[in-house]
Visitor: 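Below is a structure I'd like to ask you about.
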Amino acid sequence: MLPALLLLIGLLFGLFTPRNVRPEAFLATATVAAAALLPLWGTVLTGVGACAIFVGLMVDFNDLRDATAYSELATLAAIAAFAVFLNRLLDRRAHQLVQVRSVAETAQLAVLHPVPRHLGHVTLESLYLAAAAEARIGGDLYEAIHTPHGVRLLIGDVRGKGLLAVQTAATLLSAFRETAHDAPDLPHLARRLETSISRHASQYPGVPGSEIAERFITALLAEIPDDEPVVQTVTCGHPPPLLLHHGEVRELQPAAPSPPLNLGMLVSDGYHVDLAPFLPGDQLLLYTDGVTETRDRSGAFYPLAERIRSWSSETPHQLLDHLNRDLIAYSGGDLDDDIAALVARRRPSH
């Protein structure tokens, strides 16, 4: 309604102000506003309307012989023509943006597959939030695979942003999908992932301006056996998962955390496996640091364990839906980092 409002203001301004005060500023602004806010036909109608209002005021004021009035009319017509051109340009740019976002979404789905809702005796749900609405792709990652050893989960966060982060995330996910079935235990799986990431980084030692050799990935591996009510985890510099049991929230702190992937030279004693009970009805929340580092307007970090307690009895889908809306509300819609989360709930075996 802004272009129409500006035309009306211009008309009233021309009718109820002295003759030497011209309304073309409002009329010209209306045509430019129409270029940004309206489709082509609306921009054309606004430009024609602006010129018609100005001509009507010329007739009303008997200014048909005033050369200055004709000069102002010509200027207004030129602005209206430019507004049509600007409208076409903005429409083309908007179409290109839609195409780019569509490609980004396709790339995201190619890298980060939607996890199955059910694997063995485990119900799963995932969440991914980009820090910027236009950026549908980033370095946060997750995966879930049913293997002969049970359901194996991965969540990770690549240091840095941009295409290099996406490329590194794709490399880790490909390695996990290939080796999760064969690795006899989580330490072997972690070593295989470390080897894959190190090989990937070694291929780019001399790329100018590239930091890929220095990129590391914080990661958490989890295994939920089909026939035993436990969960095993290996932590590689990643935030500890939360175990939700009968309304209680417990942080599964690792006894001996390992460094992030691509820093495997720092691992001297191998990867340590942490074990915790994981009974039917229990839920495991894996997340990236974008969740806990979300800040409110005062700068306070998001209290994940405190907030998640009231939703611990919800289904995985409902729990992540609450988390999604709560993070956006807590941050005022201004997320500073990408966010990924994965919930696994153990169902009764019968």
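The structure presented is a predicted model; accordingly, all values stated were derived computationally and were not measured.
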Visitor: Side chains of Leu252 and Leu242, heavy atoms from C-beta outward: is any pair under 4.5 Å?
Guide: no
Visitor: Would you say the side chain of Val249 lies within less than 4.5 Å of the side chain of Leu243, judging by non-hydrogen atoms?
Guide: no
Visitor: With side chain to side chain donor-acceptor pair (under 3.5 Å) as the test, would you mind laying out the steps for Thr288 and Asp157 before giving the verdict?
Guide: CA-CA 6 Å; Thr288 57; Asp157 186 0; 5.1 Å; no
Visitor: Do Leu284 and Val230 land in one hydrophobic cluster if side-chain heavy atoms of ILVMFWY residues count as linked below 4.5 Å?
Guide: no
Visitor: Do side-chain atoms of Tyr271 reach the backbone of Cys236 as a donor and acceptor pair under 3.5 angstrom?
Guide: no
Visitor: Would you sort out whether Ile197 and Leu172 count as a side-chain contact (heavy atoms from CB on, under 4.5 Å), showing the intermediate values?
Guide: CA-CA 7 Å; Ile197 294 301; Leu172 178 61; 3.8 Å; yes
Visitor: Can you tell me if Arg325 has over 12 outside heavy atoms packed within less than 6.0 Å of its CZ?
Guide: yes
Visitor: Please walk me through it: do Thr233 and Leu275 pass side-chain contact (heavy atoms from CB on, under 4.5 Å)?
Guide: CA-CA 7 Å; Thr233 56; Leu275 188 69; over 6 Å; no
Visitor: Do Thr31 and Thr43 have side-chain heavy atoms sitting under 4.5 Å apart?
Guide: no
Visitor: Using distance alone, with no hydrogens and no angle criterion, decide if Gln167 and Thr171 have a side-chain donor and acceptor under 3.5 Å apart.
Guide: no
Visitor: To the closest 0.5 Å, what do you measure between CG (Leu129) and CD1 (Ile328)?
Guide: 5.5 Å
Visitor: Rounded to the nearest 0.5 Å, how far does CG of Asp91 lie from CG of Leu38?
Guide: 12.0 Å
Visitor: Decide side-chain contact (heavy atoms from CB on, under 4.5 Å) for Phe301 and Asp296; before the verdict, give the C-alpha distance in whole Å, the side-chain angles of both, and the deciding distance to 0.1 Å.
Guide: CA-CA 7 Å; Phe301 288 113; Asp296 63 10; over 6 Å; no
Visitor: Do any N or O atoms from the side chain of Asp274 and from the backbone of Gln232 form a donor-acceptor pair under 3.5 angstrom?
Guide: no
Visitor: Give, for atom CG of Leu90 and atom CG of Leu40, the distance between the pair rounded to the nearest 0.5 Å.
Guide: 12.0 Å
Visitor: Shortest non-hydrogen contact from Gly270 to Ser258?
Guide: O-OG, 4.2 Å
Visitor: Taking Ala35's backbone N and O only, do any of them form a donor-acceptor pair with Asn87's side chain (distance below 3.5 Å, no angle check)?
Guide: yes
Visitor: Please answer: with hydrophobic residues joined when any side-chain heavy atoms are less than 4.5 Å apart, are Leu45 and Leu76 in the same cluster?
Guide: no
Visitor: Do Pro114 and Ser126 make a side-chain contact, defined as non-hydrogen atoms from C-beta onward lying under 4.5 Å apart?
Guide: no
Visitor: Count the heavy atoms belonging to other residues, nucleotides or ligands that lie under 6.0 Å from CD of Glu178, then report whether that count exceeds 12.
Guide: no
Visitor: Please report the shortest heavy-atom distance between Pro239 and Leu220, naming the atom on each side.
Guide: O-CD1, 4.5 Å
Visitor: Do side-chain atoms of His149 reach the backbone of Ala183 as a donor and acceptor pair under 3.5 angstrom?
Guide: yes
Visitor: Please lay out, stage by stage, how Glu72 and Thr75 fare under the test side chain to side chain donor-acceptor pair (under 3.5 Å).
Guide: CA-CA 5 Å; Glu72 293 171 347; Thr75 301; over 6 Å; no
Visitor: Test side-chain contact (heavy atoms from CB on, under 4.5 Å) on Tyr302 and Arg295; report intermediate values, then the result.
Guide: CA-CA 6 Å; Tyr302 183 76; Arg295 298 173 183 262; over 6 Å; no
Visitor: Flag the pair Leu221 / Leu193 as yes when at least one side-chain heavy-atom distance between them is below 4.5 Å, and no otherwise.
Guide: yes
Visitor: Hey, what do you get for CZ (Arg93) to CD (Gln96), rounding to the nearest 0.5 Å?
Guide: 6.5 Å
Visitor: What distance do Leu244 atom CG and Glu314 atom CD have between them, rounded to the nearest 0.5 Å?
Guide: 11.0 Å
Visitor: Looking only at atom types and distance, does a side-chain atom of Ser312 sit under 3.5 Å from a main-chain N or O of Ile308, one as donor and one as acceptor?
Guide: no
Visitor: State, to 0.1 Å, how close Leu37 and Pro3 come at their nearest heavy-atom pair, and which atoms those are.
Guide: CD1-CD, 4.3 Å
Visitor: State whether Asp282 and Arg346 are salt-bridged, where the test is any N-O pair (Lys NZ or Arg NE/NH1/NH2 against Asp/Glu carboxylate O) under 4.0 Å.
Guide: no
Visitor: Find out whether Glu143 and Ile145 are in side-chain contact, i.e. whether some heavy atom of one side chain is under 4.5 Å from a heavy atom of the other.
Guide: yes
Visitor: Checking the side chain of His238 only, and the main-chain atoms of Tyr287 only, is there a donor and an acceptor separated by less than 3.5 Å?
Guide: yes
Visitor: Can you check whether Trp41 reaches Val44 side chain to side chain, under 4.5 Å on heavy atoms?
Guide: no
Visitor: Test side chain to side chain donor-acceptor pair (under 3.5 Å) on His118 and Arg347; report intermediate values, then the result.
Guide: CA-CA 10 Å; His118 302 287; Arg347 303 194 309 274; 3.2 Å; yes
Visitor: Looking at CZ of Arg309 and CG of Leu304, how far apart are the two atoms once the value is rounded to the nearest 0.5 Å?
Guide: 10.5 Å
Visitor: Test your reading of the model: is there a side-chain donor-acceptor pair from Glu194 to the backbone of Asn262, 3.5 Å cut-off?
Guide: yes
Visitor: Heavy atoms only: give me the nearest Tyr142-Leu127 pair and the separation to one decimal.
Guide: CE2-O, 3.7 Å
Visitor: Determine, using the 4.5 Å side-chain heavy-atom cutoff (strictly less than), whether Ile217 and Leu173 are members of one ILVMFWY cluster.
Guide: yes
Visitor: Do you know which two heavy atoms are closest between Phe176 and Leu153, and how far apart they sit?
Guide: CZ-C, 4.0 Å
Visitor: Cluster question for you: counting only ILVMFWY and a side-chain heavy-atom cut-off of under 4.5 Å, with indirect links fine, are Leu86 and Ile79 together?
Guide: no
Visitor: Specify the closest pair of heavy atoms between Leu323 and Ala341, including all atoms of both residues, with the distance to one decimal.
Guide: CD2-CB, 4.4 Å
Visitor: Is it the case that one hydrophobic cluster holds both Val84 and Phe54, taking links as side-chain heavy atoms less than 4.5 Å apart, direct or via other members?
Guide: no
Visitor: Is there a side-chain contact between Pro303 and Tyr330, using heavy atoms and a 4.5 Å cut-off?
Guide: yes
Visitor: Keeping Glu293 on the side-chain end and Gly290 on the backbone end, is there a donor-acceptor pair under 3.5 Å?
Guide: no
Visitor: Say whether His146 and Arg152, considering side chains only, have a donor N or O and an acceptor N or O under 3.5 Å apart.
Guide: no
